[in-house]
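Beneath this line is the structure, given in structure tokens, with notes to follow.
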Amino acid sequence: LWPWLLASSGLSALLQLVTLPFFPDSPSYLLIQKGNEEACRKAIRKLWGEGDHQAEIDDIMKEKGAAASTKTLRVLEVIKERSLRWQLYVLVIVMTTLQLCGINAIYFYSFEVFHTAKFEEYLIPYVSLGVGLCECLSSILCSTLIDRFGRKVLLWGGYLLMCSVLALLTTTLSLQHRFFWMHYFSVILIFLFVVFFGIGP
């Protein structure tokens, strides 16, 4: 089943490969990058139908003017630019914490935790699949929560809850040989960690 499941991702790639030539180019790409206004109008008509689309073309022209007046910086210039330093620090911290938050360790050791929890061998891949599905659903939930609470609250809340879950998981894994129910609690904590990861970072 797993080879077929992995191969199924190729179906969407094949579908895109077949249908992509029939899609029009982006109007902004045609006007800004290529400088072809007629092709831009044709693409707009294909996307939005016949009608007066001058307002959209004017917006793209404004975007082109703004892009022309903005200087493209190299990597070293971005690092040296004082006005961009705070944004750069935030970006580096967020990307670093994302890599070191523990999600990779959770995925790596979850199979062993499920095995210790006395799940049947044939069920463990499906429980692991449930963990991945849980992350997918929590990411969808995040898209609805981000407008209400904002990115900052979700980041702080997600990392705080993930730290709490990891502390509890460390405790349950240490005590799993003393209490039989700790195995199942560890499994619940893995699912909770994945949910908080999907909602937060």
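Computed from a predicted structure; not experimentally measured.
Residues Leu20 and Leu14 do not share a hydrophobic cluster, defined by chaining ILVMFWY side chains whose heavy atoms lie under 4.5 Å apart. Taking hydrophobic clusters as Ile, Leu, Val, Met, Phe, Trp and Tyr residues chained together by side-chain heavy-atom distances below 4.5 Å, Tyr109 does not share a cluster with Leu168. The cluster map of Ile, Leu, Val, Met, Phe, Trp and Tyr, joined by side-chain heavy atoms under 4.5 Å apart, puts Leu166 and Met162 in the same cluster. Transitive grouping of hydrophobic side chains (ILVMFWY, heavy atoms separated by less than 4.5 Å) brings Leu155 and Tyr89 into a common cluster. Hydrophobic clustering, with ILVMFWY side chains joined whenever heavy atoms are under 4.5 angstrom apart, groups Val113 together with Ile188.
Considering only heavy atoms from C-beta on, Leu98 comes within 4.5 Å of Phe197 through its side chain. For the pair Leu173 and Gln176, the minimum side-chain heavy-atom distance is below 4.5 Å. Glu120 has its side chain out of reach of Tyr126: every pair of non-hydrogen atoms, C-beta onward, lies at least 4.5 Å apart. A 4.5 Å side-chain heavy-atom check between Phe179 and Thr172 finds every atom pair outside the cut-off. A 4.5 Å side-chain heavy-atom check between Leu137 and Leu141 finds every atom pair outside the cut-off. Counting heavy atoms from C-beta on, the side chains of Ile57 and Ile44 come closer than 4.5 Å. Side-chain contact between Glu56 and Pro27: absent, with no pair of heavy atoms (C-beta onward) separated by less than 4.5 Å.
In terms of heavy-atom proximity, Ile106 sits nearest to Leu169 at CD1-CD2, 3.5 Å. Residues Tyr29 and Asp25 come closest through the heavy atom pair CD2-CB, 4.4 Å. Closest approach of Leu31 to Met61, counting heavy atoms only: CD2-SD, 3.5 Å. For the residue pair Asn36 and Ala39, the shortest heavy atom distance occurs at OD1-N, 3.1 Å.
By the 6.0 Å contact criterion, CZ on Phe185 is open, its count of non-hydrogen atoms from other residues, nucleotides or ligands being 12 or less. Annotation: Glu112, atom CD; neighbour count of heavy atoms from other residues, nucleotides and ligands within 6.0 Å does not exceed 12.
Put simply, the side chain of Arg85 gets close to the backbone of Lys80: a donor and an acceptor are under 3.5 Å apart. For Glu63 (side chain) and Ile60 (main-chain N/O), no donor-acceptor pair under 3.5 Å exists by modelled atom type.
Here the rule is side-chain contact (heavy atoms from CB on, under 4.5 Å) with Val195, and of Ser138, Ser139, Cys142 only Ser138 fits it.
Separation of atoms CG (Leu123) and CD (Glu121) is listed at 10.0 Å; rounding is to 0.5 Å. A distance of 11.0 Å separates OG in Ser83 from CG in Leu88, rounded to the nearest 0.5 Å. Separating the CD atom in Glu81 from the CG atom in Leu76 is a distance of 13.0 Å, to the nearest 0.5 Å. Interatomic distance, CZ of Phe111 versus OH of Tyr107, reported as 15.5 Å (0.5 Å rounding). Considering CG of Leu175 and NE2 of His183, their distance stands at 11.0 Å, rounded to 0.5 Å. Annotation: the span from Leu91 atom CG to Leu84 atom CG amounts to 11.0 Å, rounded to 0.5 Å.
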Please evaluate residues Ile146 and Leu154 with respect to the criterion side chain to side chain contact (heavy atoms under 4.5 Å, CB included), reporting the C-alpha separation (whole Å), side-chain torsions for both, the decisive distance (0.1 Å), and the verdict.
CA-CA 7 Å; Ile146 196 166; Leu154 290 182; 3.9 Å; yes
Side chain to side chain contact (heavy atoms under 4.5 Å, CB included) for Leu11 and Leu15? Distances and angles first, verdict last.
CA-CA 6 Å; Leu11 290 175; Leu15 183 67; over 6 Å; no
CA sep, side-chain torsions, deciding dist, call: Arg41, Glu37, salt bridge (charged side-chain N to carboxylate O under 4.0 Å, His left out)
CA-CA 6 Å; Arg41 288 181 185 277; Glu37 189 172 337; 3.0 Å; yes
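Ring planes of Phe191 and Phe114: tilted class, angle from 30 to 60°.
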